[in-house]
Amino acid sequence: TYTGMEWWMTGAYTVEPLHPPLARAAAASLLYLSGIRPLEAAQAIKDGHTSPEEMAAAFHTVGWVKAYNLFYDGGDVIHRLVLARLPMLPFYVLSLLVVFCWSRRLFGDAAGLFSLTLYATLPTVTAHAGLATTDTPYAALCVATLYVFSRWLETPGRKWTLLLALSGALTLGTKFSVLMHLPAAMLVMTVWHIKHTPAAPWRPYVRTIPVMLAVAAFAIAAVYRFDPVTPIIEGIKQVMDKNAAGHANVFLGEIHPQGSFWYFPVVWFFKTPLAFMVLLPLTFIAVRRQKNPAAWQPLLAAGAILGISMTSQINIGVRHVLPMDALLCIASGTGLLWLARYRKPAGAMLCAGLLGWQAYDYAASYPDRISYFNPLAGDTPSWIASDSNFDWGQNNLKFLMALRNHHVDTVALCMPFVILDIYVLLRQEFTLETCPDRPRPGWIAVTNDIVMLKKDGRPLDWLKGHEPVENIGRTAKLYYISP
C-alpha cells in the first residue's frame, strides 16, 4: 500500500519494484483520495518540497518500519484498513464472474451456478479477498486472461485479441508470477487445442500478434505511468534473485531454508475443504464424458500452474497458486451436475450433501479464514505450513485490543515472527519482554505456531497447566500467570 501511495503521489514506482504496481496502487487509491498521506511525504508537502525529486527522496528515506505509519500514526486504524481493502473487492467479483461465465459456457447454466458456489465457499479464496495484497487481483486477472485466451483460440478476431492483450498486460502489472503461470497454462491449452482441431488455419492467429503486442505494451506502460523499463527489469531481477536464494519456510514440521518440491500440492491439499477433494475425482469423470475438448482446458491450466509452481524456491503460502482454485472450481461445476443427475434421487442427495459439507466448513472457518486447514491437518495445523497459510497478521488488532482490554502494561512475547507493523505499535504502547524459558508471573503471549516455538528454542511445557485468558483467533493465546 505504501508503494502504491508513491505511485499516486509522485507518478513513479521505485521504492520496492519486486511486485508490479497495479494491485498496490489500487490498495492505496481510496487512502489517497481520502487525503491520507505518509508522514514524511506529508511533511515534505508542508515544507514546500513538492518536486518529483524531493517527493521521491521523502519516500525513499522512510524505510519499511516508518511506512507502517500510513496506518498506525494515530488515525483510525480500522477506517484506514477498510479503505485499503475495499479496492480488492472488485477483483474478487471479477474472479466470481469469470468462474461462472467460463463454467456456464462449457457446461451450462446449472454447472455455472455450482462452480460459483464452490468458489465462493473456499475459505482460502475469501480470506485473501479481504486483504490488501497482490494475491486476489493477480488470481482474478490471471484466470480472466486464461478465459479470454480460450476464446481467442476459438475465434482469433479483433474483440478477443484486444481483450487478451489488455488482460495479459494487467496481469503482468499485478504480479511477476505471471511470467511462470501464464506461459505454462497457455502452452498446454494451445497444444490441447491443436491436437483436437488439427485443421485449424494458423494465419489468423499470426496476424493478431502485432496488434496484441502493441496494445499490451501500451497498457503495461500505462500501469507503470509510462516509465516501465527500469522498474520491470529491476523487479524481475529481484524476483529471480529471491528465487535463487530461496525463502525460509515451514513445511511438515521442519524449517526449510529453500523451497520444497512437494510444498504446493501438499499444502493445497490440507488447505482445501474435504468436500471439494471428494468432488475432484467425480469432476474428472464428468469432464471425460464431455464431447467438447475445451472442457479440459481449466483442468489442464490448473495442472500447469501447479506443476510450474513446484519448481519455485519461494514457498511462503498457498496463495501463490490461488488461480488454481478458480480453474478447478470451473471444472468442478460439471462434476456436481453429473452427480446430481446420476441415479436420482441418490445422486442429487449426494450433491446436496457435498455442497452442505463445504458450506458448513466455510461457515466454521469464520472469522479466521487465513488459518483454515481441513480436519486431516489435526489440532495443530501449523506443523504443515506456516507464514501466510496460518498467521499473516490477521489477528493483529485482536491482539492489540486484548492487551488494552486486560489493561496490560508489560507482556512477554513468545511469538518469534511477530508481524512488523504490530510490533512497532506494541513497542510504543507496552513494555515488551523476551519469551521466558521458566515459570514467571505476568502476561505472556504465545503463538500457536509450534514450529516457530521450536525454532525459538524456549521450552514452554510449564504453561500446559495454565488456561489462557484469551484466544487470539486461532493463531495465539494470551496467558496471565499469577505471582
Side-chain angles (χ1 to χ4, degrees), residues 16-20 23 124-125 127-128 131 133-139 142 171-172 174-188 234-272 277 301-328 370-374 376-378 380-393 416-417 419-420 447 449-456 475:
E16 201 245 12
L18 180 67
H19 297 296
T124 299
V125 170
H128 287 283
L131 299 178
T133 66
T134 60
D135 299 300
T136 291
Y138 171 69
C142 180
T171 310
L172 177 59
T174 305
K175 200 169 186 178
F176 287 125
S177 301
V178 66
L179 299 177
M180 292 175 60
H181 291 166
L182 279 189
M186 287 178 171
L187 176 61
V188 296
E234 181 60 29
I236 293 174
K237 180 180 181 299
Q238 288 184 13
V239 172
M240 293 175 65
D241 290 345
K242 187 173 183 178
N243 186 65
H247 196 296
N249 65 90
V250 173
F251 182 51
L252 299 181
E254 299 292 337
I255 298 176
H256 298 263
Q258 292 186 318
S260 302
F261 183 76
W262 294 107
Y263 176 90
F264 284 112
V266 170
V267 176
W268 181 85
F269 174 84
F270 285 106
K271 293 280 289 179
T272 301
M277 303 300 298
I305 288 174
L306 177 61
I308 197 70
S309 297
M310 290 170 68
T311 66
S312 172
Q313 297 299 311
I314 305 174
N315 295 169
I316 53 176
V318 75
R319 61 191 173 88
H320 285 180
V321 292
L322 213 53
M324 189 175 75
D325 287 313
L327 293 163
L328 291 176
I370 286 286
S371 57
Y372 171 83
F373 283 81
N374 67 42
L376 296 181
T380 53
S382 61
W383 74 275
I384 293 169
S386 186
D387 206 280
S388 59
N389 297 302
F390 183 71
D391 186 356
W392 213 22
F417 282 177
I419 303 298
L420 180 60
T447 179
D449 189 334
I450 57 173
V451 180
M452 289 296 100
L453 282 178
K454 176 183 175 183
K455 177 180 183 294
D456 198 42
T475 57

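Counting begins at 1 with the first residue of the sequence.
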note = Test side-chain hydrogen bond (donor to acceptor under 3.5 Å, both in side chains), reference Arg319, set Asp387, Thr124, Asp135, Thr136, output is Asp135
ask   = When you look at Phe270 and Met277, which way does the side chain to side chain contact (heavy atoms under 4.5 Å, CB included) test go after all the steps?
value = CA-CA 10 Å; Phe270 285 106; Met277 303 300 298; over 6 Å; no
ask   = Does Gln313 use its side chain to pair, donor to acceptor, with the backbone of Ala244 at less than 3.5 Å?
value = no
query = Tell me, do Pro265 and Trp262 make a side-chain contact under 4.5 Å, heavy atoms counted?
reply = yes
inquiry  = Test of understanding: with salt bridge (Lys or Arg N to Asp or Glu O under 4.0 Å), list the residues that count as partners of Lys242, not counting sequence neighbours.
reply    = none
message = Test your reading of the model: is there a side-chain donor-acceptor pair from Ser386 to the backbone of Asp391, 3.5 Å cut-off?
response = no
task = Consider only side-chain N and O atoms of Tyr263 and His256, and report whether a donor and an acceptor are under 3.5 Å apart.
result = no
task = Could you tell me whether the side chain of Trp383 and the main chain of Ala377 form a donor-acceptor pair under 3.5 Å?
result = yes
key: Heavy-atom donor-acceptor pair, Lys175 side chain to His19 backbone, under 3.5 Å   = no
Euclidean distance, Phe176 CZ relative to Thr134 OG1, rounded to 0.5 Å = 11.0 Å
remark   = Here the gap from Ile314 atom CD1 to Asn249 atom CG, rounded to the nearest 0.5 Å, amounts to 11.0 Å
key: Student check: side-chain heavy atoms of Val266 and Phe251 closer than 4.5 Å   = yes
query = How many angstroms lie between atom CG of Asn389 and atom CZ of Phe373, to the nearest 0.5 angstrom?
reply = 5.0 Å
task = Among Asn243, Val239, Thr311, Ile305, find the one that has a side-chain contact (heavy atoms from CB on, under 4.5 Å) with Met180.
result = Thr311
message = Quick check against the 3.5 Å criterion: does Asn374 have a side-chain atom that pairs as donor or acceptor with the backbone of Phe269?
response = yes
inquiry  = Would you say that more than 12 heavy atoms from the other residues, nucleotides or ligands in this model lie under 6.0 Å from the CE of Met240, or not?
reply    = no
key: Straight-line distance of His128 NE2 to Tyr138 OH, nearest 0.5 Å   = 14.5 Å
